Amino acid sequence: MSRLAQTAGLTDIQREILATVRDFVDKEIIPVATELEHRDEYPDRIVEGLKELGLFGLMIPEEYGGLGESLLTYALCVEEIARGWMSVSGIINTHFIVAYMLKQHGTEEQRAAFLPRMAAGEVRGAFSMSEPGLGSDVAAITSKGIRDGDSYVLNGQKMWLTNGGTSSLVAVLCRSDEGHPEGTAPHRSMTTFLVEKEPGFGEVRPGLTIPGKIDKMGYKGVDTTELIMDGLRIPANRVLGGTTGRGFYQMMDGVEVGRVNVAARGCGVAQRAFELGVAYAQQRHTFGKPIAQHQAIQFKLAEMATKVEAAHAMMVNAARKKDSGERNDLEAGMAKYLASEYCKEVVEDAFRIHGGYGFSKEYEIERLYREAPMLLIGEGTAEIQKMIIGRRLLEEYQFQG
């Protein structure tokens with residue numbers, strides 16, 4: 001275990017879980033990550049290993065076949081997995097957002113139908129808010145779910161679904177006007193629909209098409225897709241929680257978990273970049289000595305390590321806040337913002353330490369250099385995080401004139 005990014009106050013069970021995950025990462029992920037990433041190949045064998053470890057059920061309650069662990073435990077596991085290959089952490093992140101939303105907001109029938117199979121990794125989750133024309137402006141969603149007897153008919157186009165192809169359950173946010181007359185605030189007329197489908201691409205059920213994988217700069221291996229609904233009919237009992245108009249709040253609750261996850265991913269990638277940088281600096285010689293002995297490189301390593309430590313501390317704080325049942329949008333926003341920005345900086349410094357070799361695909365840092373930018377926009381851009389942080393600070397520090 002490295003000296004950096006240690007977490008105080010963990011239980012014996014948490015430490016055992018983390019040691020098992022780190023061992024799996026070192027043996028099963030890091031040796032193959034770069035090769036699979038360059039081929040943009042889905043890591044089937046790694047995913048099967050995660051299923052055997054029980055990680056798909058990590059936060060799902062024991063009564064539904066999961067391990068019943070905390071968000072903190074999950075975030076620390078994600079940190080370890082992202083240290084090996086960030087794409088693998090993406091495979092479990094969207095799965096857990098959907099499982100969390102079901103646990104917190106689903107009906108008992110919905111929890112019983114999905115959570116045991118999600119815990120076993122038999123049902124894999126994805127969630128869908130974004131659309132081609134709206135980005136972070138969730139209130140501008142145009143996809144619609146219209147009531148038709150005992151069903152809803154969904155129409156619209158969604159974008160940027162992680163696990164869009166490999167998932168079998170997608171939580172989809174649509175506008176639903178039923179019971180919400182014209183003029184209702186946009187966020188009060190949105191509903192989350194639980195859409196079951198076959199894994200794969202093309203028409204995966206009548207009215208639902210997953211066109212194919214989006215070709216990306218980084219974050220490869222995991223499938224990122226569009227989702228097109230054209231007369232997609234689903235039963236009314238697949239409205240999350242059984243009541244329309246609550247989708248925005250359900251999704252935002254899930255996104256808070258997602259932001260802690262993105263912060264954890266940033267911490268993991270930054271840790272790996274530091275490990276690669278500090279190792280290379282001791283192996284590479286210039287002017288008769290290892291470059292690690294040059295003061296300029298020592299300064300760089302000092303800054304990198306400090307950023308790793310600070311990001312980790314903020315991520316842990318945000319996870320513990322959520323676990324306590326308190327509102328954590330401020331802490332999650334701060335952690336996501338800081339960890340993603342620091343990750344980018346630490347990766348770039350490690351890239352600079354590698355010199356010209358950092359530009360070669362033979363070196364792992366080249367992959368990290370392409371992966372880090374995704375964290376700057378995933379689960380809300382830096383600008384969105386600063387808006388959230390600023391508004392919450394003004395709520396907490398109201399001027400008393």
Side-chain angles (χ1 to χ4, degrees), residues 2-5 22 25-41 43 46 78-90 215-222 224 262-312 337-378 382:
S2 69
R3 168 67 180 85
L4 292 178
R22 175 170 276 254
V25 168
D26 287 340
K27 292 179 179 177
E28 305 295 335
I29 297 182
I30 289 177
V32 300
T34 296
E35 179 183 354
L36 291 176
E37 198 271 349
H38 286 168
R39 295 204 303 256
D40 198 7
E41 182 177 324
I46 292 172
V78 166
E79 184 178 38
E80 293 291 351
I81 292 169
R83 175 181 153 269
W85 185 14
M86 191 180 75
S87 293
V88 178
S89 66
D215 194 16
K216 300 163 294 188
M217 175 179 74
Y219 198 41
K220 293 179 179 288
V222 61
T224 305
V262 172
R265 284 197 249 180
C267 292
V269 173
Q271 283 183 50
R272 184 59 181 166
F274 174 80
E275 291 171 4
L276 295 172
V278 74
Y280 185 83
Q282 294 171 77
Q283 297 164 21
R284 172 70 168 168
H285 286 68
T286 62
F287 303 104
K289 60 184 178 181
I291 63 172
Q293 293 183 19
H294 294 291
Q295 190 180 65
I297 299 299
Q298 290 179 9
F299 282 3
K300 201 174 290 292
L301 293 172
E303 292 171 359
M304 292 163 67
T306 302
K307 289 172 181 176
V308 167
E309 193 76 9
H312 175 83
Y337 169 59
L338 191 81
S340 59
E341 294 291 338
Y342 275 0
C343 174
K344 176 201 69 170
E345 294 170 10
V346 171
V347 167
E348 182 171 338
D349 281 342
F351 175 84
R352 289 171 181 268
I353 287 171
H354 280 74
Y357 289 103
F359 210 60
S360 168
K361 285 183 175 289
E362 294 181 23
Y363 283 76
E364 190 178 342
I365 191 62
E366 181 271 343
R367 170 171 61 83
L368 271 58
Y369 195 76
R370 288 183 290 103
E371 289 179 339
M374 197 285 290
L375 298 172
L376 299 171
I377 54 177

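Only a predicted model underlies this, so the values are computations on that prediction, with no experimental measurement involved.
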Beyond-backbone contact of [X] with [Y], side-chain heavy atoms, under 4.5 angstrom:
X	Y	result
Val308	Glu275	no
Ile30	Arg83	yes
Leu375	Lys344	no
Gln271	Leu4	no

Nearest 0.5 Å, what's the [atom1]-[atom2] distance between [X] and [Y]?
X	Y	atom1	atom2	answer
Trp85	Ile46	CH2	CD1	6.0 Å
Cys343	Leu368	SG	CG	7.5 Å
Phe359	Ile365	CZ	CD1	13.5 Å
Ser87	Lys216	OG	NZ	6.0 Å
Met217	Asp215	CE	CG	11.5 Å

May I ask you to say whether [X] pairs ionically with [Y], meaning some side-chain N is under 4.0 Å from a carboxylate O?
X	Y	value
Arg370	Glu366	yes
Glu303	Lys307	no
Lys220	Glu37	no

Testing the basics here: between [X] and [Y], what is the closest heavy-atom pair and its distance to 0.1 Å?
X	Y	answer
Ala33	Arg367	CB-NH2, 3.8 Å
Val88	Pro43	CG2-CG, 4.3 Å
Ala281	Leu301	CB-CD1, 4.5 Å
Ala311	Ala339	CB-CA, 3.9 Å
Glu79	Cys267	OE2-CB, 3.2 Å
Glu309	Ala5	OE1-N, 2.9 Å

* Asked: Any chance NZ of Lys27 has more than 12 other-residue heavy atoms, nucleotides or ligands included, within less than 6.0 Å?
  ->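 Incorrect, the count does not exceed 12.
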
* Apply salt bridge (Lys or Arg N to Asp or Glu O under 4.0 Å) to Arg39 and Glu35, showing your working. => CA-CA 6 Å; Arg39 295 204 303 256; Glu35 179 183 354; 2.6 Å; yes

* Is there any side-chain hydrogen bond (donor to acceptor under 3.5 Å, both in side chains) pair reaching into residues 287-302, and which pairs are they, with sequence neighbours excluded? ->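 Matches after skipping sequence neighbours: Thr286-His294.
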
Could you list the donor-acceptor pairs under 3.5 angstrom formed between side-chain atoms of residues 347-355 and any protein atom two or more places apart in sequence or on another chain?
| from | atom 1 | to | atom 2 | distance (Å) |
| --- | --- | --- | --- | --- |
| Glu348 | OE2 | Arg352 | NE | 3.4 |
| Glu348 | OE2 | Arg352 | NH2 | 2.9 |
| His354 | ND1 | Ala350 | O | 2.8 |

